[in-house]
Amino acid sequence: MKIESNGEEKITVILSQTDMSDLDITYDEMDYSNIETRRVIWTILDKARKTLGKSVDTDGKLLIEVSPSEDGGCILHFTNSPFADSKNKKRLIMKKEAEPILFCPWDENSFIDCLKIIPKLKDYIKASEPYKYKNSLYIIFRPKLTFTEKILHILCEFGNASISTEREISKIYEYGHSLS
């Protein structure tokens with residue numbers, strides 16, 4: 001288990017496949033509504049407190065982002081929200097997937113230029129899917145957790161990009177034409 005502090009508000013924990021086995025949990029079983037997941041989360045937070053010498057403030061809103069790692073383990077990001085909700089003092093949110101990004105280039109040249117940089121983004125995205133829908137070109141990006149802002153920043157050089165939902169992009173999937 002590797003524990004890193006990324007500033008005051010964020011802690012990253014990297015679990016190997018062995019760590020996952022020792023904690024008796026798999027990535028697929030991680031769901032905060034599951035009592036075993038909560039046990040694992042609190043065990044990890046306790047270990048982080050001992051390792052870093054600081055506590056994760058769970059009195060406010062705590063975002064827990066979980067993504068699988070290539071070695072069979074997983075990566076957890078714990079982020080304290082500075083905006084505590086007075087009604088819900090202890091509110092934990094667990095995300096396993098980042099929202100998709102819908103990208104619409106300014107023109108065909110921007111579309112082609114963006115397609116050329118996609119291989120350089122492999123560390124930040126899980127997938128990208130080019131489409132044509134209603135005479136417009138789009139690319140649907142699936143960012144890895146915590147890289148959404150970085151991807152949006154890169155894409156702004158080529159066109160308009162925004163965080164989307166599965167529901168919003170379903171029309172492109174259903175009625176658009178895949179270009180891959």
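If you read the sequence from its start, that first residue is 1, and numbering goes on from there. Bear in mind the structure is a predicted one, so any value in this text is a computation, not a measurement.
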Exercise for review: Answer yes or no: is there a donor N or O on one side and an acceptor on the other, between the side chain of Thr51 and the main chain of Ala48, under 3.5 Å?
Suggested key: no
Anything under 3.5 Å between a donor and an acceptor, one on a side chain of residues 104-116, the other on a protein residue two or more places apart or in another chain? List them.
residue : atom : partner : partner atom : Å
Asp107  : OD1  : Asn109  : N            : 3.2
Asp107  : OD1  : Ser110  : N            : 2.7
Asp107  : OD1  : Ser110  : OG           : 3.0

Practice item. List the steps, then state whether side chain to side chain contact (heavy atoms under 4.5 Å, CB included) holds for Leu121 with Ile117. Key: CA-CA 7 Å; Leu121 301 175; Ile117 67 154; 4.1 Å; yes
So, taking the atom named [atom1] in [X] and the one named [atom2] in [Y], what distance separates them when rounded to the nearest 0.5 Å?
X	Y	atom1	atom2	result
Tyr133	Leu179	OH	CG	14.5 Å
Phe141	Leu152	CZ	CG	10.0 Å
Gln17	Ser69	CD	OG	8.5 Å
Lys134	Tyr175	NZ	OH	9.5 Å
Tyr131	Lys171	OH	NZ	16.0 Å
Glu149	Ile154	CD	CD1	11.5 Å

Check the hydrophobic clustering (I, L, V, M, F, W, Y; side-chain heavy atoms under 4.5 Å; chains of links allowed) and say if [X] and [Y] are grouped together.
X	Y	answer
Leu76	Ile3	yes
Ile140	Ile151	no
Phe158	Ile101	yes
Phe147	Ile118	yes
Ile11	Ile75	no

**Study point:** Exercise: do Glu129 and Tyr138 side chains pair donor with acceptor under 3.5 Å
**Key:** no
**Study point:** Polar side chain donor-acceptor pair, Ser164 to Glu168, under 3.5 angstrom
**Key:** yes
Heavy-atom closest contact ([X] atom, [Y] atom, distance):
X	Y	result
Pro130	Ser128	CD-O, 4.0 Å
Ile125	Lys144	O-CE, 3.7 Å
Glu29	Asp24	OE1-O, 4.3 Å
Gly73	Met20	CA-CG, 3.9 Å

Study note, to complete from the structure: Sorted by chain and number, sequence neighbours left out, salt bridge (charged side-chain N to carboxylate O under 4.0 Å, His left out) with Lys2 holds for Glu4
Just so I know, are the side chains of [X] and [Y] near enough to count as touching, which here means a heavy-atom distance under 4.5 Å?
X	Y	value
Leu63	Phe78	no
Asn34	Tyr32	no
His77	Ile64	no
Ile44	Leu15	yes

Practice item. Give a yes or no on this: more than 12 heavy atoms of other residues, nucleotides or ligands lie within 6.0 Å of atom OH of Tyr124. Key: no
**Study point:** Option from Thr43, Ile41, Thr37 for which side-chain contact (heavy atoms from CB on, under 4.5 Å) with Arg39 holds
**Key:** Thr43
Check your understanding: Who pairs with Ser16 by side chain to side chain contact (heavy atoms under 4.5 Å, CB included), at least two apart in sequence or on another chain?
Key -> Thr18, Asp19, Asp71
Review point. Of all residues at least two apart in sequence or in a different chain, which pass the side chain to side chain contact (heavy atoms under 4.5 Å, CB included) check with Lys50?
Key: Asp46
Check your understanding: For Glu99 and Thr165, what are the C-alpha separation, side-chain angles and deciding distance, and is it a side chain to side chain contact (heavy atoms under 4.5 Å, CB included)?
Key -> CA-CA 6 Å; Glu99 297 293 331; Thr165 64; 4.3 Å; yes
Practice item. Please report the C-alpha distance between Tyr27 and Val66 in whole Å, then the side-chain angles of each, then the deciding distance to 0.1 Å, and finally whether the side chain to side chain contact (heavy atoms under 4.5 Å, CB included) criterion is met. Key: CA-CA 8 Å; Tyr27 172 77; Val66 184; 3.7 Å; yes
**Study point:** Pairing residues for Glu166 by the side-chain hydrogen bond (donor to acceptor under 3.5 Å, both in side chains) criterion, not counting sequence neighbours
**Key:** Arg142
Study note, to complete from the structure: The complete set of salt bridge (charged side-chain N to carboxylate O under 4.0 Å, His left out) pairs with one or both residues in residues 150-160, sequence neighbours excluded, reads none
